Amino acid sequence: MRRLAAVTVAAVTAAGLLTGCGGEENWAKKCSTTNMVVECAPEQRPLVSDVTGELLAGGTYDLANDRGKVVVVNFWGSWCAPCRAEADDLEKTYQATKAREVTFLGVNTRDDKDSAKAFERGYQVTYGSVYDFRGEVGLKFDVTQNAIPSTLILDRQGRIAAAIRRATTADELQPLVEKIAAEATG
């Protein structure tokens, strides 16, 4: 019965993700989109706040602690073949950009903890991931978030500067992260 309730909650949450939660404004419509990559000018970027969650490795994550850094947020599941395909590229980009005050955060969704932990070990992911079975943490980042995998890049003020609504590669992601990291803080 508990499993059925958990599946029902996950389905309702997923439906909310797919519909953008009803009346919420779709911020991405104001931005430029090419090949499922959304880039927003600073004045068009929505602020993300109040994001906290339980890390797969233990402890908690609070986005407020990363204010002043560029934060790359990747939504993934161990069950997702494109997530497996992009894992090495994400890690490569993380290693290449972390010295520029860039941090990465995974948001694991619709998964069980053991499978998610095995994924991180198997793909040698060194940045943390929030465990978000029901998709509630994902909604705090972006109510229009509906693709797994997808990646958000938050600027140093905590605003969504770019979104990649599909799997990505280091050749695509790293220049975008570096561009946002090079922006003057305001």
Side-chain angles (χ1 to χ4, degrees), residues 2-21 36-38 48-66 69-95 97-98 102-154 158 160 162-170 172-174 176-177:
R2 285 185 185 179
R3 177 114 175 118
L4 178 59
V7 170
T8 302
V9 168
V12 169
T13 301
L17 286 169
L18 293 172
T19 62
C21 289
M36 297 180 71
V37 177
V38 180
V48 177
S49 60
D50 300 325
V51 175
T52 60
E54 172 192 351
L55 292 167
L56 279 170
T60 58
Y61 175 80
D62 187 339
L63 180 63
N65 294 334
D66 282 332
K69 296 179 182 178
V70 171
V71 181
V72 178
V73 184
N74 178 257
F75 298 87
W76 65 278
S78 67
W79 44 265
C80 164
C83 299
R84 292 188 296 273
E86 74 176 2
D88 290 338
D89 289 286
L90 290 163
E91 182 64 28
K92 179 181 175 184
T93 303
Y94 171 60
Q95 294 300 327
T97 60
K98 67 182 179 179
V102 173
T103 191
F104 274 53
L105 176 71
V107 178
N108 172 260
T109 188
R110 297 179 287 221
D111 217 339
D112 67 81
K113 281 188 181 179
D114 290 338
S115 296
K117 288 177 181 180
F119 178 99
E120 285 189 328
R121 281 190 308 274
Y123 287 95
Q124 299 176 352
V125 176
T126 61
Y127 53 87
S129 286
V130 170
Y131 181 67
D132 186 28
F133 179 81
R134 297 188 312 191
E136 294 169 347
V137 174
L139 287 173
K140 292 178 181 179
F141 277 104
D142 177 7
V143 296
T144 66
Q145 165 57 34
N146 64 1
I148 304 296
S150 64
T151 304
L152 297 176
I153 305 169
L154 308 182
I160 301 172
I164 302 171
R165 303 289 195 193
R166 56 171 167 66
T168 190
T169 64
E172 175 183 59
L173 181 60
Q174 187 171 333
L176 193 53
V177 171

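Just so you know, residue 1 is the first one in the sequence shown, and it goes up from there. Note that the coordinates shown come from a computational prediction; the quantities given were computed from them, not determined experimentally.
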Problem set entry | Donor-acceptor contact below 3.5 Å, side chain Y61 vs main chain V51 | no
Exercise. When the ring planes of W76 and F119 are compared, do they come out parallel, tilted or perpendicular, using 30° and 60° as the limits?
Worked result: parallel
For this session: Determine whether I153 and L173 make a side-chain contact, defined as any pair of heavy atoms from C-beta on separated by less than 4.5 Å.
Result: yes
Exercise. Strictly by modelled atom types, are Q95 and K92 linked by a side-chain donor-acceptor pair under 3.5 Å?
Worked result: no
For this session: Kindly give the heavy-atom pair with the smallest separation between C80 and I148, and that separation in Å.
Result: SG-O, 3.9 Å
Exercise. Side-chain contact, heavy-atom cut-off 4.5 Å: V48 with V73?
Worked result: no
Problem set entry | Distance (rounded to the nearest 0.5 Å) between L176 CG and I164 CD1 | 5.5 Å
For this session: Please round to the nearest 0.5 Å and tell me the distance separating atom CZ of R84 and atom OG of S78.
Result: 7.5 Å
For this session: Enter the distance from T97:OG1 to F104:CZ here, rounded to the nearest 0.5 Å.
Result: 4.5 Å
Exercise. Would you say the side-chain atoms of E91 pair up with the backbone N or O of T126, donor to acceptor, closer than 3.5 Å?
Worked result: yes
Problem set entry | Flag, side chain of D132 to backbone of V107, donor-acceptor distance under 3.5 Å | no
For this session: Evaluate the side-chain proximity of Y131 to V137: yes if any heavy-atom separation is below 4.5 Å, no if none is.
Result: no
For this session: Would you tell me whether D62 and T52 have side-chain atoms, one donor and one acceptor, within less than 3.5 Å of each other?
Result: no
For this session: Find the distance between CG (L105) and OH (Y94) and round it off to the nearest 0.5 Å.
Result: 10.5 Å
Problem set entry | Gap between atom CZ of R166 and atom CD of E86 - 0.5 Å precision | 9.5 Å
Problem set entry | Y127 side, atom OH; L90 side, atom CG - distance, nearest 0.5 Å | 4.0 Å
Exercise. Does some side-chain heavy atom of V71 sit less than 4.5 Å from a side-chain heavy atom of L63?
Worked result: yes
Exercise. Would you say the side-chain atoms of N108 pair up with the backbone N or O of S129, donor to acceptor, closer than 3.5 Å?
Worked result: no
Problem set entry | Test item: R121 and K117 side chains (from C-beta on) under 4.5 Å apart, heavy atoms | yes
For this session: Look only at the side chain of D112 and the backbone of S115, and say whether a donor-acceptor pair between them is shorter than 3.5 Å.
Result: yes
For this session: Considering non-hydrogen atoms only, spot the tightest contact between L56 and A116 and give its length.
Result: CD1-CB, 3.7 Å
